[in-house]
Amino acid sequence: MTYVVLMGGPGAGKGTQAKILCKKLGLPQIATGDLFRENLRENTELGQLARTYMNGGDLVPDEVTVGMVKERLSRPDCANGALLDGFPRTISQADALETLLAEMDERVHIVPYIHVNPDLLLQRLAGRWTCSACGRVYHVLFNPPKQDGICDLDGSALYQRDDDTAETQKHRIAVYFKQTAPLLDYYKNKGLLVEINGEQSIEQVQKELLQVIKESDRQRTD
Ligand code: ADP
Ligand code: AMP
């Protein structure tokens, strides 16, 4: 059983890393941003509720987000744990996660924090393109697709997220520092936080993330 909470500012590379990590570890990726975007596309009630918050770069209210995660964690593919990407984002969400996991006799095992400075976060968000089918993320300069505007994996069109406008990007980074960064101390105090330098290549960050997660698994099974 492994419950991983992947932390980092908007654009730190959580989604990029989570997709590869989850394949390697055989864990489902629970990315609340992706779940909200699916709901937006399908125009569900949840999507309609989340839309204004997301487009403005603000957080969706805690009770809505926690309810969505609770439902997701109850699905059978989470039987061996999960990797949470973009959740929790507030202290109240982190407390709710602790309660949800405790109800399953579980807990968060490790919180890798991908650290990237704000200037670089902004550059990353500004050049981000996402596959409309598989969700893989590219960057115009740092991680370009082989063919402009087309996903290497499945040939689908790439798009820029609605919340990746210059104004919203800056606001999301500010929201991160105000509402989410306090979680770093929250998890540090629980002895779960491990900082990774996110300004290295995607491959190097991946290697270090795998190392720390496997080491935490090893310590628990020894
Ligand atoms: P997050 O999920 O944390 O918001 P993403 O995974 O979407 O971040 O990455 C944001 C952007 O940065 C994407 O365009 C991605 O291609 C790029 N990126 C991610 N990791 C790196 C890295 N280590 N080096 C350079 N660019 C990266
Ligand atoms: P992301 O894909 O992680 O960059 O998230 C995109 C947007 O979805 C955020 O700016 C929020 O509006 C919303 N969102 C994602 N995760 C959460 C969360 N844990 N709590 C509140 N809002 C969230």
Side-chain angles (χ1 to χ4, degrees), residues 5-22 29-40 46-47 49-70 72 83-97 100 112-131 135-145 151-152 158-165 167-176 178-180 183 196-209:
V5 168
L6 196 55
M7 281 206 61
K14 298 180 300 297
T16 302
Q17 297 296 338
K19 288 218 155 38
I20 326 174
L21 271 178
C22 284
Q29 175 192 5
I30 302 185
T32 40
D34 288 349
L35 293 176
F36 282 131
R37 277 184 291 278
E38 261 172 50
N39 277 280
L40 279 182
L46 183 65
L49 203 156
R51 188 185 311 272
T52 8
Y53 298 101
M54 292 178 78
N55 288 346
D58 286 311
L59 296 185
V60 178
D62 286 340
E63 59 279 14
V64 177
T65 310
V66 168
M68 181 175 74
V69 171
K70 180 176 182 180
R72 182 65 189 84
L83 186 146
L84 293 145
D85 156 10
F87 181 91
R89 258 168 149 109
T90 61
I91 300 275
S92 138
Q93 289 181 14
D95 286 337
L97 176 64
L100 282 179
Y113 163 48
I114 309 176
H115 178 255
V116 171
N117 283 303
D119 286 355
L120 189 54
L121 288 179
L122 211 49
Q123 284 182 47
R124 294 237 183 122
L125 293 177
R128 171 162 67 186
W129 287 79
T130 307
C131 174
R136 177 164 171 190
V137 283
Y138 295 86
H139 191 281
V140 276
L141 302 175
F142 307 143
N143 184 26
C151 179
D152 293 353
L158 304 183
Y159 76 101
Q160 274 193 301
R161 278 170 43 173
D162 287 347
D163 62 349
D164 270 346
T165 62
E167 200 187 323
T168 314
Q169 285 160 0
K170 276 203 197 116
H171 184 61
R172 272 160 49 220
I173 292 173
V175 165
Y176 167 78
K178 190 161 178 233
Q179 294 184 261
T180 307
L183 280 179
I196 306 273
N197 174 7
E199 300 193 359
Q200 311 177 88
S201 69
I202 292 175
E203 294 72 25
Q204 185 59 28
V205 175
Q206 179 65 208
K207 198 171 144 192
E208 294 184 16
L209 283 169

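Residue indices begin at 1 and follow the sequence shown. Everything numeric in this text was worked out from a predicted model, so none of it was measured. Each ligand, and each atom within it, is numbered from 1 in the order the structure gives.
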> If we only count heavy atoms from C-beta on, is the V140 to W129 side-chain gap below 4.5 Å?
Replying inline: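 In short, these two side chains touch, coming nearer than 4.5 Å.
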>> Are the side chains of I173 and L125 in contact, using a 4.5 Å heavy-atom criterion?
In response: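 Yes, close enough: below the 4.5 Å cut-off.
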Which atoms of ligand 1 have any heavy atom of [X] under 4.0 Å away?
{"X": "T16", "answer": "5 (P), 6 (O), 9 (O), 15 (C), 19 (C)"}
{"X": "N143", "answer": "16 (O)"}
{"X": "G9", "answer": "3 (O)"}
{"X": "K14", "answer": "1 (P), 2 (O), 3 (O), 4 (O), 6 (O), 8 (O)"}

Among all protein heavy atoms, pick out the one at the shortest distance from [atom]; state its residue, atom name and that distance to 0.1 Å.
{"atom": "atom 23 (C) of ligand 2", "value": "F36 CE1, 3.8 Å"}
{"atom": "atom 20 (N) of ligand 2", "value": "Q93 NE2, 2.9 Å"}
{"atom": "atom 8 (O) of ligand 1", "value": "G13 N, 3.1 Å"}
{"atom": "atom 7 (C) of ligand 2", "value": "M54 CE, 3.8 Å"}
{"atom": "atom 4 (O) of ligand 2", "value": "R161 NH2, 2.9 Å"}
{"atom": "atom 18 (C) of ligand 2", "value": "R89 CD, 3.4 Å"}
{"atom": "atom 12 (O) of ligand 2", "value": "D58 O, 2.6 Å"}
{"atom": "atom 16 (N) of ligand 2", "value": "T32 OG1, 2.8 Å"}
{"atom": "atom 14 (O) of ligand 1", "value": "Y138 O, 2.7 Å"}

Heavy-atom nearest option to [atom], drawn from [options]:
{"atom": "atom 21 (C) of ligand 2", "options": "L35, V60, N55", "result": "V60"}
{"atom": "atom 19 (N) of ligand 2", "options": "G86, G11, G9", "result": "G86"}
{"atom": "atom 17 (C) of ligand 1", "options": "R128, R124, E199", "result": "R124"}

> Do ligand 2 and D163 have nitrogen or oxygen atoms that lie under 3.5 Å from each other?
Replying inline: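 Checking ligand 2 against D163, no N or O pair falls under 3.5 Å apart.
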> Based purely on interatomic distance, does F87 place a nitrogen or oxygen under 3.5 Å from a nitrogen or oxygen of ligand 2?
Replying inline: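 The answer is no, given that F87 and ligand 2 share no N or O pair closer than 3.5 Å.
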>> Check contact between G8 and ligand 1, using heavy atoms of the residue and a distance below 4.0 angstrom.
In response: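 Checking ligand 1 against G8, which is what was asked, there is no heavy-atom contact under 4.0 Å.
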Specify side chain, backbone, both or neither for [X], according to which of its non-hydrogen atoms lie closer than 4.0 Å to ligand 2.
{"X": "L59", "answer": "both"}
{"X": "T90", "answer": "neither"}
{"X": "K14", "answer": "neither"}

>> Taking 4.0 Å as the limit for heavy-atom contacts, which would you say applies to W129 with ligand 1: side chain only, backbone only, both, or neither?
In response: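 Contact part for W129 vs ligand 1: neither.
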>> For A18, which part has a heavy atom under 4.0 Å from ligand 1: side chain, backbone, both, or neither?
In response: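 Near ligand 1, A18 shows nothing, with every heavy atom at 4.0 Å or more.
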[X], any N or O under 3.5 Å of ligand 1 N or O:
{"X": "V205", "value": "no"}
{"X": "Q200", "value": "yes"}
{"X": "G11", "value": "yes"}
{"X": "G15", "value": "yes"}
{"X": "L125", "value": "no"}

>> Checking D164 against R128 for the salt bridge (charged side-chain N to carboxylate O under 4.0 Å, His left out) test, could you report, in this order, the C-alpha distance in whole Å, the side-chain angles of both residues, the deciding distance, and whether it holds?
In response: CA-CA 8 Å; D164 270 346; R128 171 162 67 186; 3.0 Å; yes
>> Which heavy atom of P112 sits nearest to which heavy atom of L209, and what is that distance?
In response: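 Minimum heavy-atom separation between P112 and L209: CB-CD2, 3.5 Å.
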> Can you tell me if E199 uses its side chain to pair, donor with acceptor, with the backbone of H115 under 3.5 Å?
Replying inline: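 Here the side-chain-to-backbone pair does not exist.
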> So, R51 and D163, do they make that salt bridge, N to O below 4.0 Å?
Replying inline: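 Looking at D163 together with R51, the answer is no, because their closest N to O distance does not fall below 4.0 Å.
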>> For Y53, give me all partners under ring pair (Phe, Tyr, Trp, His ring centres under 6.0 Å), at least two apart in sequence or on another chain.
In response: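 Per chain and number, Y53 pairs via ring pair (Phe, Tyr, Trp, His ring centres under 6.0 Å) with no residue.
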> What side-chain hydrogen bond (donor to acceptor under 3.5 Å, both in side chains) pairs are there with at least one residue in residues 59-70, not counting sequence neighbours?
Replying inline: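 Pairs touching residues 59-70 that pass the test: D62-T90, D62-S92, D62-Q93.
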